[in-house]
Number of protein chains: 2
Amino acid sequence: MASAEPESAKEAPPPPSTAAPGGMNLFLVGVVLRFVVFAAAVSSVVVMVTSKQTVVNKLRGVPPGFPVEAKFDDSPAFRYFVAALSVAAFYSLVTGLSSLFVIAKPNCHTKSLLHYAIWDTFILGVVASATGAAGGVAYIGLKGNTHVRWDKVCYAFDKFCRHVGASLATSLFASVVMVLLIWISIISLHARIRK
Amino acid sequence: MASAEPESAKEAPPPPSTAAPGGMNLFLVGVVLRFVVFAAAVSSVVVMVTSKQTVVNKLRGVPPGFPVEAKFDDSPAFRYFVAALSVAAFYSLVTGLSSLFVIAKPNCHTKSLLHYAIWDTFILGVVASATGAAGGVAYIGLKGNTHVRWDKVCYAFDKFCRHVGASLATSLFASVVMVLLIWISIISLHARIRK
């Protein structure tokens, strides 16, 4: 049967293995996960930015009747967190939308996987470090640190801390999905070698 | 010419492209970088663990003659940092040594690249978040946060803060090298598709 094919068909390199079973499915899962990261990152930023709370007569050591305000931009770690998650949201939206265009061009899948995996790695580092930084500061707010006399504040700023906690949980989720995205790219690239 | 080849040679899959120009070099660079990560992570842990400092009559608000001690395990963020960097050191040593064995078996390069890239991504997330967490707490130690009356402490614990700073710089370096390692694996996998 093969010998009946014209010579040109024989010599042509095999097409990129985008039609590999599971390859397209993995690519689609990746696209969906990008929008999941986008939703998680946007939620995280919104919840953090709307965490502002003013309390009166609640925080120990403050004169009665004197209002005290807690907002995310009082802490450099929370500012970094909002900046990093905003970048991640923008990035995942752009790559999610561009993936939709790439789906229509199977020849571009391999190159896209390479570029996405490289940038995803960078964004993962940024999101993970921002989650760590905000988490470290939030933990002091929750538990305090008696060794250096940093008092806990979450007993007074209950709404603020609930927002920060929810925002951290969402960004941790986004970090895990970023790891999955990189794994999908790596496994897809590896699968194309063996096909 | 092609038709003169025996049928079996035609149908045999191409050998794994480990002999690709640059492929072996990239793999060797990866091995070296694993030992760089190991050295950086061990240094980071050692410098953090040896940061203990006791001061008398230096920290404001403490009665004269009363000694105050600062050590890394007073802070959950620093404990997490030491645990994460220890895991990264152990991991990079194990993968560095196993890479040395893989070098002798070119057929295993592709599979190794897949496994390393998957685990590297996980370790990057852990190291980046630990660096962020410790960095967030260290920044409060350095600058304080007047909004919640967390006083800075680095003016008193100078040696402690120098150690923490050096440890953070080293772990940031280790994180960057981890990103490079993942990039190398991804680029190597991609290069093998096209060969």
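Below, chain A is the first sequence line, B the second, and so on; all start at residue 1.
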* Close side-chain approach of A/Met178 to B/Thr121, heavy-atom, < 4.5 Å -> no
* To do: Tell me, yes or no, whether the heavy-atom count around B/Lys143 atom NZ, taken from other residues, nucleotides or ligands under 6.0 Å, exceeds 12.
  => no
* Structure fact -> Counting heavy-atom pairs under 4.5 angstrom with chain A, the leader among B/Phe157, B/Tyr80, B/Tyr139 is B/Tyr139
* Asked: Taking side chain as C-beta onward, heavy atoms only, is B/Ile186 less than 4.5 Å from A/Leu114?
  -> yes
* Structure fact -> Per side-chain contact (heavy atoms from CB on, under 4.5 Å), A/Val137 is matched among B/Ile140, B/Asn145, B/Val148 by B/Ile140
* Proximal component of A/Ala117, with respect to chain B [non-hydrogen, under 4.5 Å] -> both
* Going from NE2 on A/His190 to CZ on B/Arg192, what distance comes out if it is rounded to the nearest 0.5 angstrom? -> 9.5 Å
* Contact class of B/Val179 relative to chain A, heavy atoms under 4.5 angstrom -> both
* Highest number of heavy-atom pairs under 4.5 Å with chain A: which of B/Gly136, B/Ala138, B/Ala128, B/Gly144? -> B/Ala128
* Asked: Near B/Phe122 CZ, under 6.0 Å, is it more than 12 heavy atoms from other residues, nucleotides or ligands?
  -> no
* State yes or no: do A/Val32 and A/Ile123 share one hydrophobic cluster built from I, L, V, M, F, W and Y residues joined by side-chain heavy-atom distances below 4.5 Å, directly or via other members? => yes
* Side-chain touch B/Arg149/A/Val62, heavy atoms, less than 4.5 angstrom -> yes
* Asked: Around A/Lys159, counting heavy atoms of other residues, nucleotides and ligands shown, do more than 12 lie under 6.0 Å from its NZ?
  -> yes
* Portion of A/Thr146 that has a non-hydrogen atom of chain B nearer than 4.5 angstrom -> neither
* To do: Treating Ile, Leu, Val, Met, Phe, Trp and Tyr as nodes and any side-chain heavy-atom pair under 4.5 angstrom as an edge, say whether A/Trp119 and B/Trp183 lie in one connected cluster.
  => yes
* To do: Side-chain contact test, heavy atoms from C-beta onward, threshold under 4.5 Å: evaluate it for B/Ile187 versus A/Ile118 and give yes or no.
  => yes
* Applying disulfide (SG to SG under 2.5 Å), which residue pairs with at least one partner in residues 28-77 of chain A are found, sequence neighbours left out? -> none
* Asked: Are B/Phe66 and B/Tyr155 connected in a single hydrophobic cluster, I mean Ile/Leu/Val/Met/Phe/Trp/Tyr linked by side-chain heavy atoms less than 4.5 Å apart?
  -> yes
* Asked: Under a single-linkage definition using a 4.5 Å side-chain heavy-atom cutoff for Ile, Leu, Val, Met, Phe, Trp and Tyr, are A/Phe78 and A/Val47 assigned to the same hydrophobic cluster?
  -> no
* To do: Please check if B/Leu172 and B/Leu124 belong to a single hydrophobic cluster, counting links between Ile, Leu, Val, Met, Phe, Trp and Tyr side chain heavy atoms closer than 4.5 Å.
  => no
* Structure fact -> B/Lys152 meets the salt bridge (Lys or Arg N to Asp or Glu O under 4.0 Å) criterion, sequence neighbours left out, with none
* **Among A/Ala130, A/Gly135, A/Gly141, A/Ala133, residue most engaged with chain B (heavy-atom pairs, under 4.5 Å)** => A/Ala133
* Between B/Val68, B/Thr131, B/Asp151, B/Asp120, which residue shows the highest count of heavy-atom pairs closer than 4.5 Å to chain A? -> B/Asp151
* **Point-to-point distance, once rounded to the nearest 0.5 Å, from NE2 of A/His147 to NZ of B/Lys71** => 6.0 Å
* Asked: At a heavy-atom separation under 4.5 Å, does B/Ser185 approach chain A through its side chain, its backbone, both, or neither?
  -> neither
